[in-house]
Amino acid sequence: MTGSDRVELPPQYVPAEVESRRYEGWVQAGYFTPDPASAAPAYTIVIPPPNVTGSLHVGHALDHTLIDALVRRRRMQGYNTLWLPGMDHAGIATQNVVERELARDGLSRHDLGREAFVERVWRWKAESGGKILGQMRRLGDSVDWSRERFTMDAGLSRAVQTIFKRLYDDGLIYRAQRIINWCPRCLTALSDIEVDHSDDEGELVSVRYGDGADAVVVATTRVETMLGDTAVAVHPDDPRYTGLVGRGIELPLTGRTIPVVADPHVDPEFGTGAVKVTPAHDPDDFEIGRRHDLPSLVVMDERGVITAPGPFQGLDRFEARPAVLAALRADGRVVAEERPYLHAVGHCSRCGTTVEPRLSLQWFVKVEPLAKAAGDAVRDGRVRIYPQEMSARYFDWVDDMHDWCISRQLWWGHRIPVWYGPGGQVVCTGPDSEPPQGDGWQQDPDVLDTWFSSALWPFSTLGWPDDTADLRAFYPTSVLVTGYDILFFWVARMMLFGLYAMAKAGPDESVPFRQVALHGLVRDQFGKKMSKTRGNTVDPLDWIDRFGADATRFTLARGATPGGDVAVSEEWVAGSRNFCNKLWNAVRFAQLNGALAGQGLPAPGQLTVPDRWILSRLGAVTAEVDEFFEQFEFAKVCEALYHFAWDEVCDWYLELAKPVLTGADTAAALVTRQVLGEVLDRLLRLIHPVLPFVTEELWTALTGRESVLVADWPGQVVDGASAEPVLAADPAAEAEIAALMRLVTEVRRFRSDQGLRPGQQVPARLAGVGSTPLAAHESRIRALLRLGETGERFTPTASVQAEGVTVELDTAAGLDVAAERRRLAKDLAAARADVEAAERKLATRAFLERAPAAIVQKNKDRLAAARDEVGRLAERLAALGGDETA
RNA sequence: GGGCGAUUGGCUCAGCGGGAGAGCGCCUCGUUCACACCGAGGAGGUCACUGGUUCGAUCCCAGUAUCGCCCA
C-alpha cells in the first residue's frame, strides 16, 4: 500500500458522517463479543445497569466513557474482553411512570388489579422503555449486545429466587415487625439509604405532661405523634427526675396515663432531659419501648392519616399537627414554641415526600455476617478501591450496617417467594420447586427492593446459579466502574451477595470484582451540581450531535481524576472537537505527504535526530499511558496524549519533517515517511480507547487495515510483553531537540517583539553554531524560523543569543531599539532574581551542610549560568544605550 | 452532632519537600501549500490565614476561617 492509493481526507472531521456507520460496522464484525472458550485471559466489566425508565444523561456518559476506554484498551491488549450491558427494572421508578400514565385516564393500579398492572408495565417497557440502549450506541459503547440482560428477565429472576431461598434457609433473611422508613405517597417501605435527609424548617413545641409535682415537659417536632405516646423517658442518673421514674403521668388530650421510664439512651443535656416515647412511630422510641416492654400504639395509617379515635381521626398528619397543637394550647399544655426550628427530616429519594417512620411487618436481610466478609475482602486486598481514600467510607458503612429492609409494597418487581398456609405455615420456595397447593395458601404480596436483584448483577448476568461457560470464563469481573454516590446502594451490596453466592469458588475467586474504580459527579462549568431546577444540566446527545461522540468523551475523560467530580462546559467540548480535528489534519498532512504506516521503522542508522527524538518521546508517552490506565488516571491519559499529539507531533515534528518530505533527497524523505507513519499509527492506537470514532476513520485510512479496534496495543499487552518493538529512550536526541526548541522559541520571541511577521524571510547568520550541539541542525533552525541566507548586502542589525548561538539578523527596517531594550531588561531582571535566589541558598551554611550534594551542585550550576546571563544581557543592554529600567 | 475532603492565575482543575503548571478565557501579530475547529508570541498567581517542623514548605504537622460531601 502506498500513499497514492488513498483518497484525500477533507480538511475537517465531520463526526456525523462517521459515527453511526462505524458503530454498526463494529457490531456486525462481532468485535464486542468475546468467546468464553478463548485461551486469552478474561477482562470483564458489567455495566452499572441504567434504569429502564432512564435516558442517557451526562453521568452515564462519563461512566460509559471511562468503562469503554478501559475495555477498548484491554481488547487491543489481547484480553478476552466482555463489557456486559443491561438494564435495571427500577421498581418504584418504573411503577410510578406507569401509574402516572394510568392516572391520565383516571385509573389507579388497583383498578387494573395486580396481574393486569404488571402486564401493563411489561408492555410499557416493550414500547417506551430502554431508550438508553440506543443512546449508548451514539456514545460508542463497545458492549456485547448478544449478552444484554434485564434484572427481571427469566434468568435473573431465577437467580433472585435462588439466593433468596439460600439466605432464608441459612437464617439470613427474616421477617419482623420493625420501624421502617415509609413513604406515604409511594405506599411502600424504603431502606435507610433510600431516604435523603435535609435540614428543614419546622417547629419545636414543648408540652407539659402531667400536673403539679408530677409535671414533666417534653419537646417534639412532631406534636401529633403524642397521640401514640406510651411513656416518657429520662436518663437514669438525672437528679431532676429521680422521684418520677416508675410513676404514671397523665398524657394530655387522651385521658391515658403513661409511665416514666429511665433509659440510658436519653440525652439529659437535650431540652428538659425528658423525652416522649412513641414506639410505633419513631425508631429510637421503638428501641426504648422494647427495652421497657412498652406497648406500641399505631396512630397513623399507611397514608399518614390519623387513626387514633377522637377528634383528630381522619386528619392527614400535616393537618393533625396544628390541630393537636391548638388543642394542647387550649388545654394550657404548651410551655414553649420555637419556630422556625431547623431539624433533619427524611424524604423519599424517589418522590421527595416526607418519610414517616412506621411500625410494620417487613422482610430483612441479616447483614452482619455478610457485611463482615464484604469488609474483609477490601481489608485484605482481594478487592481494591480506587481512589484508596474512598475505602474509608466503604468501611464506615459496611462495618456498621443495619439490617436491610428488602420488602417493598409494590407490584413491579421480584415477588417474595414465600407462601403462607392456612394453618400459619410459612414456606419459602426455590426456583425449581412448586409453590404449595391447596386452599388458603397465599404468596407474600410484596416484591423485593430493586437493589436486591442489582446486587446479583456481576454473576446473575453470567448465568448463575447454573455453572455456565460464561460464569467460569468471566467471573470474577475485573473492575467495577461507577460513581461514588452509589457505593452503598450498589457496590457494597454486590460485595455482600457476590461473596456469599460464589463462596465455594474460594476467597480469591468469589469476589464480584477485583477493583472498584470510583468516579465523581459531572458538574457545570462553575463546579455546581447539575440539576433541573438550577437549569444547568447538559444533554450528552446534544453534544454528540453538535461536536461528536469523541469530543464529548474526551471532555469527560479529560476531567476524570479518581473519585473526583468533573466540571464540563460547552467551550470545553468545542476544545475537544478541535483536538479531534487536529488529529484529523495531522493524518491528512501525513497522507498528502505519503506517510507509510505498518512497515516498521527504518534502520536506526538512517534516522534523523528529530526522528529519534519523536520516537523516544512516543516511547515515554506510551509507558505513561499504560501506567495511567492501570491507575484509572483518565485525566492524565488524556493530558499526556493531548500534549504529545498537539505540542510535540504537530507543532514540532511535522514542522521539522516538512522540509524533508518536500526536499530533493528522496531517500531521506522515505525515512521520514516511514517514521511519520509509524508515529501516527501508534498514536492513533494509543488514543483510540478515548476517541474511538475519529481514530478508526484515520487509522484505517492511514494503514489500509481492517480496524483499529483489533489492532495491537502499542504498549504492554496481555503477558506484560509488547507486540512490537519497544521505543527506547534516546536522551541524546531529546537533549538536542530540546536545545533546538529553546533557540527557536527565543528567536521567535525576538521576532514577535520586533514586530516581524511570522512568515517574513529575514536574512540571518548563526554565528558560533558550529561549536554547539546544534551544529547539525542549522538548516532545520533556519527553516523553522524563516531565516534567509546572508547575501552580499547582509548587514546584521540585531542579534539574539541562546544555547551558545548568536543569531544575527538583518531586519531591513532596522531595529526597534525600545522594544529590544524592554525585552533585554525583562530578561535581565529575571536573571538577576535567579542569581539572588541561588546566592542566598549557597550563602547558608546549614544548606551546604545538610542539603543533598546534588541539590547543592544544582544551585551552583544555576548560579553560574545565571551570572553569565546577567553579564551578557547587561552588556547588550548597555550597547543599546539602555539601563535596567528600560 | 460525628466523619471526610477542599481552599493554587478570570473560570475549571493538576501538582504535594528543593527554581509555580494545564485547558478554556484574555492581549498582540499573522491569508507560510495539514488544520483559523489554525499558527507565533505575551500578560496574569506573596499556592486561604496563623503558627510549627526542616538547611529549605504550595507540598508535612497544629490551629483558624470559608466551602463542599457523606453519615446521624
Side-chain angles (χ1 to χ4, degrees), chain A residues 8-14 192-193 195 197 267 269-270 283-284 344 346 389-390 392-393 396-397 400 484-485 487-488 520-521 523-529 547-548 551 555 558-559 561 563-593 633 635-636 638-639 642-643 646-647 650-651 654-655 657-658 662 744-761 783-786 823 826 830 833-834 837-838 840-842 844-852 854-856 858-859 862 866:
Chain A
E8 191 179 318
L9 297 167
Q12 271 192 1
Y13 171 53
V14 183
D192 291 346
I193 53 176
V195 178
H197 296 270
D267 176 8
E269 305 290 313
F270 181 79
D284 293 330
E389 307 91 80
M390 291 274 183
R393 264 193 210 184
D396 281 351
W397 163 257
D400 185 31
Y484 58 71
D485 52 323
L487 186 61
F488 305 144
L521 273 34
R523 295 171 175 271
D524 75 5
Q525 58 195 307
F526 305 111
K528 296 272 181 257
K529 218 173 196 164
F547 302 104
T555 303
R558 192 182 194 179
T561 167
D565 290 346
V566 182
V568 296
S569 82
E570 195 167 306
E571 286 102 70
W572 303 343
V573 193
S576 303
R577 184 263 325 263
N578 297 353
F579 178 53
C580 294
N581 197 237
K582 190 73 181 174
L583 285 174
W584 180 269
N585 274 286
V587 174
R588 178 166 181 260
F589 168 83
Q591 290 273 65
L592 294 170
N593 288 280
E633 294 275 9
K636 289 182 180 173
C638 293
E639 171 100 350
Y642 181 91
H643 283 114
W646 202 312
D647 300 349
C650 291
D651 288 351
L654 293 188
E655 295 305 322
K658 278 177 184 174
T662 56
V744 168
T745 303
E746 192 56 29
V747 177
R748 279 178 179 161
R749 194 176 142 229
F750 168 82
R751 290 183 57 134
S752 178
D753 287 348
Q754 286 293 314
L756 294 167
R757 303 212 174 335
Q760 184 186 335
Q761 286 276 335
L784 290 169
L785 287 168
R786 322 259 153 201
R823 201 171 77 85
K826 189 187 157 201
D834 254 14
R840 214 177 308 124
K841 285 210 159 184
L842 292 166
T844 313
R845 249 183 66 193
F847 174 72
L848 296 172
E849 284 166 8
R850 304 270 187 107
I855 297 296
V856 174
K858 198 170 153 190
N859 277 274
R862 196 173 124 198

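Here is the naming used below: chain letters follow the sequence lines, and residue numbers restart at 1 for every chain.
A distance of about 15 Å separates the P atoms of B:A48 and B:U12, rounded to the whole Å. Rounded to whole Å, the C1' atom of B:G56 lies 35 Å from the corresponding atom of B:C69. B:C26 sits 23 Å from B:C35 when the C1' atoms are compared, rounded to a whole Å.
The phosphate of B:G39 (OP1 or OP2) has a side-chain N or O of A:Trp646 nearer than 4.0 angstrom. One finds a side-chain N or O of A:Asn578 lying less than 4.0 angstrom from the OP1 or OP2 phosphate oxygen of B:C38. Taking side-chain N and O atoms only, A:Lys826 has a distance below 4.0 Å to OP1 or OP2 of B:A43. Phosphate proximity of B:G39 to A:Lys582: present, with a side-chain N or O under 4.0 Å from OP1 or OP2. In terms of phosphate contacts, A:Arg757 brings a side-chain nitrogen or oxygen within less than 4.0 Å of OP1 or OP2 of B:G30.
By the 4.5 Å heavy-atom criterion applied to side chains, A:Arg751 and A:Pro758 are not counted as neighbours. Residues A:Thr745 and A:Arg749 have side chains not in contact (no heavy-atom distance under 4.5 Å, counting atoms from C-beta outward). Between A:Arg558 and A:Trp572 the shortest side-chain heavy-atom distance does not fall below 4.5 Å. A:Asn593 places a side-chain heavy atom less than 4.5 Å from the side chain of A:Thr662.
Set against B:A34, B:G3, B:G19, the side chain of A:Asp396 has B:G3 as its closest nucleotide. Side-chain proximity of A:Phe488 to the nucleotides B:A34, B:U12, B:C71 is greatest for B:C71.
Base-pair partner of B:C33: not found among the strands shown (Watson-Crick or G-U wobble, both distances under 3.5 Å). Pair assignment for B:C47 gives none, since no Watson-Crick or G-U wobble pairing has each distance under 3.5 Å. Base pairing analysis places B:A40 opposite B:U28; the two distances defining the Watson-Crick or G-U wobble pair are each below 3.5 Å. Under the Watson-Crick and G-U wobble criteria, each requiring two contacts below 3.5 Å, nucleotide B:G9 is left unpaired. Partner assigned to B:U54 is none, using Watson-Crick or G-U wobble distances below 3.5 angstrom. In this structure B:C59 sits in no base pair that meets the Watson-Crick or G-U test at under 3.5 Å. When both pairing distances are held under 3.5 Å, B:G17 makes no Watson-Crick or G-U pair with any nucleotide shown. Of the nucleotides present, B:G3 is the one that pairs with B:C69 by Watson-Crick or G-U wobble criteria, both distances under 3.5 Å.
Remark on RNA chain B: of its neighbouring residues A:Phe847 and A:Trp397, the 5'-side contact belongs to A:Phe847, judged by nearest-heavy-atom nucleotide. Nearer the 5' end of RNA chain B, as judged by each residue's closest nucleotide, is the contact made by A:Asn859, out of A:Val195 and A:Asn859.
Of the charged side-chain nitrogens involved, none lies within less than 4.0 Å of a carboxylate oxygen, so that A:Lys636 and A:Glu639 do not count as a salt-bridged pair. The existence of a salt bridge linking A:Arg823 and A:Glu746 is confirmed by a sub-4.0 Å separation between a basic side-chain nitrogen and an acidic carboxylate oxygen.
Side-chain to base pairing of A:Asp834 with B:G19: one donor and one acceptor N or O lie within less than 3.5 Å of each other. Between the side chain of A:Glu655 and the base of B:A34 there is at least one donor-acceptor pair of N/O atoms closer than 3.5 Å. Not a single donor-acceptor pair, N or O on each side, falls under 3.5 Å between the base of B:C11 and the side chain of A:Gln525. No hydrogens or angles were tested; on distance alone, nothing pairs the side chain of A:Arg393 with the base of B:C4 as donor and acceptor under 3.5 Å. A:Arg749 contributes no side-chain N or O that forms a donor-acceptor pair with the base of B:G41 under 3.5 Å.
Rounded to whole angstrom, the span from the CZ atom of A:Phe589 across to the P atom of B:G39 amounts to 14 Å. Rounded to whole angstrom, the span from the CZ atom of A:Phe547 across to the P atom of B:G23 amounts to 19 Å. Note: CG (A:Asp400) to C1' (B:G2) measures 12 Å, nearest angstrom.
No contact: A:Cys580 has no heavy atom under 4.0 Å from any strand.
In this structure, A:Asn859 contributes its side chain and A:Ile855 its backbone to a donor-acceptor pair below 3.5 Å.
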